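Written below as structure tokens is the structure these notes are about.
Worth saying up front: this structure is predicted, and the values here are computed from it rather than measured. Letters go in sequence order (proteins before strands), and every chain restarts at 1.
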Amino acid sequence: AQSVTQLGSHVSVSEGALVLLRCNYSSSVPPYLFWYVQYPNQGLQLLLKYTSAATLVKGINGFEAEFKKSETSFHLTKPSAHMSDAAEYFCAVSDRPTSGSRLTFGEGTQLTVNP
Amino acid sequence: KAGVTQTPRYLIKTRGQQVTLSCSPISGHRSVSWYQQTPGQGLQFLFEYFSETQRNKGNFPGRFSGRQFSNSRSEMNVSTLELGDSALYLCASSLVAHSYNEQFFGPGTRLTVL
């Protein structure tokens with residue numbers, strides 16, 4: 001069964017600093033990978049997804065992630081943090097070619113941005 | 001285009017009661033998935049429906065059930081509520097039931113069991 005591990009339940013950065021949120025996956029087949037963001041009292045919003053078209057994936061709000069098969073990683077980065085980036089971030093995996101949209105989520109990383 | 005809507009947004013029940021949560025997917029989306037979010041267990045998959053059929057089911061007891069109607073709207077039901085059922089229940093819709101599909105999440109229903 002697939003699984004996702006997010007290293008660091010809390011990450012704190014200064015405004016303007018690099019954001020790096022780590023995600024490692026375990027899957028028996030090449031996976032589809034997703035990063036979602038959740039703001040307080042809201043549902044999840046998709047930031048980006050990897051479906052094997054390109055290893056470097058660009059998403060919304062300046063975020064990007066790189067799929068590294070050798071490291072089984074899909075870390076999320078943003079060059080310059082903004083106060084509005086403060087939220088909880090979830091990495092998720094979906095096995096393929098399994099039918100169905102079932103996602104397995106990591107534990108989440110709470111990002112704090114300090115002024 | 002309207003997003004995924006969930007009703008009610010907040011719900012308070014007592015142990016032993018049952019509850020029904022509703023989810024209206026984005027227009028044209030035929031797949032609806034449900035997730036439970038708790039501080040201790042995180043986000044866990046409950047089940048997925050596509051064209052009124054349950055396609056996948058997570059590891060939850062039979063007290064948790066769901067269904068999907070012909071207009072793709074979905075409901076989930078929890079019977080004999082337990083304190084541990086307190087959680088944010090999230091509904092997500094996608095065009096079809098495939099693993100590469102982006103899922104669009106609703107704001108969730110916050111269930112508190114007293």
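Both the backbone and the side chain of B/Leu43 have a heavy atom closer than 4.5 Å to some heavy atom of chain A. Of the two parts of A/Glu107, neither the backbone nor the side chain holds a non-hydrogen atom closer than 4.5 Å to a non-hydrogen atom of chain B. In this structure, the portion of A/Gln38 lying under 4.5 Å from any heavy atom of chain B is its side chain and not its backbone. Using a 4.5 Å cut-off between heavy atoms, B/Phe104 does not touch chain A at all.
Put simply, OG1 on A/Thr104 and CD on B/Gln44 are 10.0 Å apart, with the number rounded to the nearest 0.5 Å. Expressed to the nearest 0.5 Å, how far CD of B/Gln37 lies from CZ of A/Phe90 amounts to 4.5 Å. Atom-to-atom distance recorded for B/Gln103:CD and A/Leu46:CG is 9.5 Å, nearest 0.5 angstrom.
Under the 6.0 Å cut-off for aromatic ring centres, A/Phe105 and B/Phe45 do not qualify, their centroids lying 6.0 Å or more apart.
Annotation for A/Lys69: atom NZ does not count as buried by contact number, only 12 or fewer foreign heavy atoms lying within 6.0 Å. Summarising the local packing, CZ of B/Arg15 is surrounded by 12 or fewer heavy atoms from other residues, nucleotides or ligands at distances under 6.0 Å. Counting non-hydrogen atoms of neighbouring residues, nucleotides and ligands closer than 6.0 angstrom, the CG atom of B/Asn71 exceeds 12 such neighbours.
Hydrophobic clustering (side-chain heavy atoms under 4.5 Å, transitive across Ile, Leu, Val, Met, Phe, Trp, Tyr) groups B/Val32 together with B/Phe60. Using a 4.5 Å cut-off between side-chain heavy atoms of Ile, Leu, Val, Met, Phe, Trp and Tyr, with links allowed through other members, A/Leu20 and A/Ile60 fall into different hydrophobic clusters. Cluster membership check: A/Leu47 shares its hydrophobic cluster with A/Val11, using side-chain heavy-atom separations under 4.5 Å among Ile, Leu, Val, Met, Phe, Trp and Tyr. A/Leu56 and A/Leu33 sit in two unconnected hydrophobic clusters of ILVMFWY residues. Membership requires side-chain heavy atoms under 4.5 Å apart, directly or through other members. Hydrophobic clustering keeps B/Trp34 apart from B/Tyr10 (ILVMFWY residues linked when any side-chain heavy atoms are closer than 4.5 Å, directly or through intermediates).
The two atoms that bring B/Glu48 and A/Arg102 nearest to each other are OE1-N, 4.1 Å, heavy atoms only. Closest non-hydrogen pair, A/Leu44 versus B/Phe105, comes out as O-CB, 3.3 Å.
Residue with the most contacts toward chain A among B/Gly106, B/Ala92, B/Gly108: B/Gly106 (heavy-atom pairs, distance under 4.5 Å).
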